[in-house]
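Atom set for the values below is all heavy atoms of this structure, side chains included, hydrogens, waters and symmetry mates excluded. Note that ligands are numbered from 1 as they come in the structure, with each ligand's atoms numbered from 1 the same way.
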Amino acid sequence: MSERRILSGMRATNPRLHLGNYEGALRNWIRLQSDYRVFCMVADYHALTTMGDVPPDLAYNSREVAKDYIAAGIDPDKSPIFIQSQVPEHAELHLIFSMVTGLGKLERVPTYKEKREDLAEGRQVSYGLLGYPVLQAADILLYRPYGVPVGKDQAPHLELSREVGRSFNAAFGAEVFPEFKDIIDDDDLRSKLPGLDVDENGQLRKMSKSYDNCIYLTDDADAVAQKVKSAFTTPSKMRKTDPGIPEGCAVCQYLKLYSPDWQTQWEEDRRGERGCMQNKNDLIERLNEFLVPFRERRKDLDDASIDAILKRGREEARDVASETMAEVRRAMRLI
Ligand code: TRP
């Protein structure tokens with residue numbers, strides 16, 4: 001295959017993707033489809049690294065995430081969509097990579113440090129949580145991609161993946177894994193889209209299922225309206241005539257992305273010529289307009305059609321992955 005490849009993925013922790021997932025990463029995958037073969041993975045194994053007492057329904061979550069990829073604009077005729085655990089080479093390469101990855105390096109990964117602190121008191125840190133980026137390195141390098149489009153928070157994982165590839169090449173004296181590029185949006189708003197609420201200090205915080213502050217790609221028009229109506233705005237703006245601070249207001253932040261008139265709206269908000277309700281109503285209209293094509297594409301997707309798409313995706317992914325594994329085995333003198 002001569003086409004250049006892109007690889008990316010999202011965890012199947014939840015069955016629903018939100019606007020932050022779209023703006024931070026998916027949007028870029030969609031844009032890349034016209035020039036690259038974009039391999040879109042659903043990372044089901046990765047969802048197990050932070051599970052609580054009840055294991056997630058991975059088969060359900062993975063299917064729903066795959067549907068959201070398509071709803072968002074991934075064209076399954078152009079871009080293979082597949083589930084990580086259905087391509088066993090991921091687990092195999094992960095094992096091999098674990099032999100060339102230093103413990104110190106893994107312990108310094110910021111997401112590991114955060115997750116370890118977040119774990120409830122008394123819960124043990126699993127080997128899988130520490131190895132999370134090693135599995136991600138396998139996910140990426142199996143496809144020897146040109147680039148990997150992800151959200152900004154993933155930059156340390158990509159750096160570690162590159163180091164794992166280099167360590168493998170050095171250890172076995174073969175250039176099996178060429179370097180790949182990070183494709184990360186440097187737009188701060190998109191890469192860290194705020195949720196509808198604020199933290200305990202009154203600051204916007206990122207959209208995340210764990211904060212229950214998300215607009216989901218599958219939300220219908222009423223749900224969007226209801227959520228936007230209860231969204232956080234400038235706390236000192238009680239009346240329309242009070243000056244707003246659009247930089248600290250979730251609704252104004254979204255207007256910047258979804259309303260072509262946002263500059264005027266921001267100025268009017270600042271000058272006290274615009275009320276929060278007016279901003280909210282405008283945003284509801286714009287957001288719903290934006291989500292119409294998502295809803296249209298998703299409504300035709302039943303489980304049988306998504307299963308057929310995932311089967312095709314898996315076959316194409318395995319073709320590439322097994323070729324890489326053959327080279328890995330030769331380089332390691334396993335064969
Ligand atoms: N760690 C990524 C996230 O949390 C998901 C992921 C797993 C991934 N494997 C990947 C992303 C490979 C890019 C490439 O979003």
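The contact set between ligand 1 and H46, taken as ligand atoms under 4.0 Å from a residue heavy atom, comprises 7 (C), 9 (N). Taking every non-hydrogen atom of I140 and a distance limit under 4.0 Å, the qualifying atoms of ligand 1 come out as 12 (C), 14 (C). Remark: ligand 1 atoms within the under-4.0 Å shell around heavy atoms of Q154 are 1 (N), 2 (C), 3 (C), 4 (O), 15 (O). Under a 4.0 Å criterion applied to the non-hydrogen atoms of V150, ligand 1 contributes the atoms 11 (C), 13 (C). When each atom of ligand 1 is checked for a heavy atom of L7 under 4.0 Å away, the hits are 12 (C), 14 (C).
Taking a cutoff of 4.0 Å between a charged side-chain nitrogen and a carboxylate oxygen, K227 and D212 do not qualify as a salt bridge. Ion pairing between a basic and an acidic side chain is recognised when a charged N comes within 4.0 Å of a carboxylate O; E179 and R166 show such pairing.
Exactly one residue among Y36, F39, Y69, Y22 makes a ring pair (Phe, Tyr, Trp, His ring centres under 6.0 Å) with W29. That residue is Y69.
The closest side-chain heavy-atom distance from H157 to Y132 is below 4.5 Å.
Among protein heavy atoms, the minimum distance from atom 1 (N) of ligand 1 is reached at Y132 OH, 2.7 Å.
Between D139, T49, V42, it is D139 that holds the heavy atom closest to atom 9 (N) of ligand 1.
In this structure, the side chain of R5 does not engage the main chain of P145 through any donor-acceptor pair within 3.5 Å.
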